[in-house]
Amino acid sequence: MDTEKRLKTTGAASLTELHATKEYILPDERMQHPVAVIECIEAIPCNPCETACPVHAITVGSEITNLPVIDIEKCTGCGLCVAACPGLAIYLKQKNYTKDLSYIAFPFEYVPLPEVGQSVNMVDRFGLVVCEGTVIKVVKIKRFDRTAIIHASYPVEQYEHVVNMQRLARN
Amino acid sequence: MVERDIVVIGSGPAGLCAAIEAAEAGAKVLIVDENAKPGGQLFKQIHKFFGSREHRAGVRGIDIGTLLLKQAEELNIEVWLNTEACGIFDQDKVWVVRDKHTSVTIHAKRIILATGANENAVNFPGWTLPGVMGAGAAQTMINIHRVLPGQKILMIGSGNVGVIVSYQLLQAGAQVKAVVEAAPQLGGYGVHTAKVRRAGVPFYTGHTVLEAKGTDHIESAVVVKLDAAWKPIAGTEFELDVDTICIAAGLTPAVELAFGAGCRSVNSPVLGGLVPWHDETMRTSLSSIYIAGDVSGVEEASTAMEEGRMAGLSAAQSLGYLQEKRYRTRFEAINHNLLALRSGMFGQKRRDAKKAIVAASKG
């Protein structure tokens with residue numbers, strides 16, 4: 001599945017495609033807290049991530065079609081860019097939240113929202129359910145402008161594959 | 001006869017910004033719109049916009065709409081709703097019909113056309129069944145009227161409209177069964193396709209709808225693979241269980257008033273076909289008529305707003321409302337914003353197409 005360019009044919013980028021860009025940086029086990037991972041690999045005119053970052057860890061530059069570049073050493077994992085990104089293309093990740101679990105905080109604009117402690121289906125870039133995750137926190141503050149940020153843990157084996165969760169059924 | 005400095009036709013993002021910019025310069029502005037509410041497409045745009053801070057990036061379209069209406073109110077801009085502009089005569093008279101009843105002729109020193117665009121149709125057997133609609137119509141239903149057009153949707157077209165409306169249909173609680181795209185590659189921004197894809201929606205490039213089945217409503221759609229010449233390949237048909245088909249096959253500029261008035265046309269395939277010729281200041285071949293937004297070439301709301309500002313500024317300047325220095329400063333600022341939006345892998349094509357339109361004057 002991951003051997004070719006897929007963004008313009010299947011809708012989602014393959015890992016091969018992401019790895020070929022210098023902008024996609026996945027933090028490894030040395031990172032002690034979650035940091036922003038940006039999956040923005042097309043030159044579109046957009047820079048709210050850069051404007052939102054309080055520690056100037058994200059650089060787009062004066063040409064607003066430049067791709068955002070993150071300095072993960074500077075990133076504090078505050079999550080402001082996650083809610084600011086109009087493309088919903090940023091999430092926070094930490095590989096070893098515990099020995100066996102990774103951590104993700106992703107943008108979510110569907111109802112219903114999950115509850116803290118709820119077990120949810122974690123999905124990869126293609127919408128396939130790859131594992132279960134546990135919701136740690138649901139952050140919905142005014143500053144995020146109706147985009148909720150869901151924090152969850154999931155098995156470390158799926159660290160790179162998981163990007164979001166499956167929408168929940170409406171009752 | 002009613003007299004105004006500037007009459008703006010259409011109160012979408014382009015028209016509102018044109019009116020605001022002109023009123024800020026001191027012109028007396030009247031906006032007419034055939035709809036019952038102002039704002040055009042803005043109040044359907046529940047997503048956060050792209051761009052930079054100058055373009056209000058990161059703000060949802062609906063909130064930009066509210067903000068612009070508030071500004072228009074503060075500037076005492078007059079708005080006639082339920083008012084259809086039916087024709088332009090002698091380059092400075094706008095004939096409108098108010099409330100489908102009262103005919104009024106407005107004498108306007110300058111006219112700004114911000115009439116937008118219309119959705120293109122795709123026809124196939126069954127396309128007249130209830131349940132086949134423009135993606136824009138589906139968006140109006142879910143985001144304005146809060147009614148789902150159906151439970152199981154097929155989207156035709158993967159441009160930004162197709163993928164954004166697909167996402168919003170998912171948000172509204174529908175299932176999107178698939179997005180089909182006749183071209184070999186998806187058209188919309190990757191970030192949009194990615195969020196629809198990770199919600200589990202499959203994309204079919206090089207495919208189209210062959211037929212919609214059903215008797216009094218859609219019960220399924222037959223999808224087929226296309227060859228390199230865009231001809232259906234026999235034997236590749238498959239059926240999708242859907243009750244709604246949305247068509248997002250591009251937009252055509254709403255040029256009727258402009259061409260009826262006698263504005264010269266230019267063909268711009270990239271921007272939706274025939275558009276009124278215009279220069280950098282958004283003035284058409286008729287010196288009293290300006291245009292802005294999709295009618296001048298289909299782009300998106302952010303560029304429509306900047307073009308509106310340019311048209312409003314230029315129209316006000318031509319009436320003597322601005323000092324040359326202030327005009328130049330604003331012109332440069334708006335132009336800078338437009339160039340920023342027309343850059344990158346998606347924008348460059350539009351920038352070149354706009355340049356070609358402007359250049360067509362000098363030939």
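Note on naming: letters A, B, ... go to the chains in the order of the sequence lines (proteins, then strands), and numbering restarts at 1 for each one. Small disclaimer: the values here were computed from a predicted structure and weren't measured.
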Test your reading of the model: is there a side-chain donor-acceptor pair from A:K8 to the backbone of B:G187, 3.5 Å cut-off? no

Where does B:A183 contact chain A at under 4.5 Å (heavy atoms): side chain, backbone, both or neither? neither

Does any non-hydrogen side-chain atom of B:H55 lie less than 4.5 Å from one of A:I64? yes

Just checking A:R170: does its CZ atom have more than 12 heavy atoms from other residues, nucleotides or ligands closer to it than 6.0 angstrom? yes

Okay, A:E42 and chain B: the region with an atom under 4.5 Å from a heavy atom over there is both

Any donor-acceptor N/O pair, B:Q171 side chain to A:E109 backbone, under 3.5 Å: yes

Looking only at heavy atoms, the pair that brings B:S343 and A:P45 closest together is O-CD, 4.3 Å

Check each atom of A:T147 against the heavy atoms of chain B and say whether the ones under 4.5 Å are side chain, backbone, both or neither. both

Proximal component of A:N47, with respect to chain B [non-hydrogen, under 4.5 Å]: both

To the nearest 0.5 angstrom, please state how far the OG1 atom of A:T65 sits from the CZ atom of B:F50. 13.5 Å

Show the nearest heavy-atom pair for residues A:L7 and B:L186, with the distance to one decimal. O-CD1, 3.6 Å

Please flag which part of B:Y189 lies under 4.5 Å from any non-hydrogen atom of chain A: side chain, backbone, both or neither. both

Going by the side chain to side chain donor-acceptor pair (under 3.5 Å) test, which pairs reach into residues 201-210 of chain B, not counting sequence neighbours? none

Test your reading of the model: is there a side-chain donor-acceptor pair from B:R197 to the backbone of A:T10, 3.5 Å cut-off? yes

What's the separation between atom CG in A:D124 and atom CZ in B:R198, rounded to the nearest 0.5 Å? 11.0 Å

Report which part of A:E39 has an atom under 4.5 Å of a heavy atom belonging to chain B: side chain, backbone, both, or neither. backbone

Ignoring hydrogens and geometry, is there a side-chain-to-backbone donor-acceptor pair from A:R146 to B:R60 under 3.5 Å? no

Pairs in or reaching into residues 66-85 of chain A: which pass side chain to side chain donor-acceptor pair (under 3.5 Å), with residues at least two apart or in two chains? none

Side chain / backbone / both / neither for B:L170 at chain A, heavy atoms under 4.5 Å: both

Contacting moiety of B:P184, where chain A heavy atoms sit under 4.5 Å: backbone

Looking at A:P48 and B:G51, what are the two nearest heavy atoms and their distance? CD-O, 3.5 Å

Counting only heavy atoms not in B:Y167 (residues, nucleotides, ligands), do more than 12 fall under 6.0 Å from its OH? yes

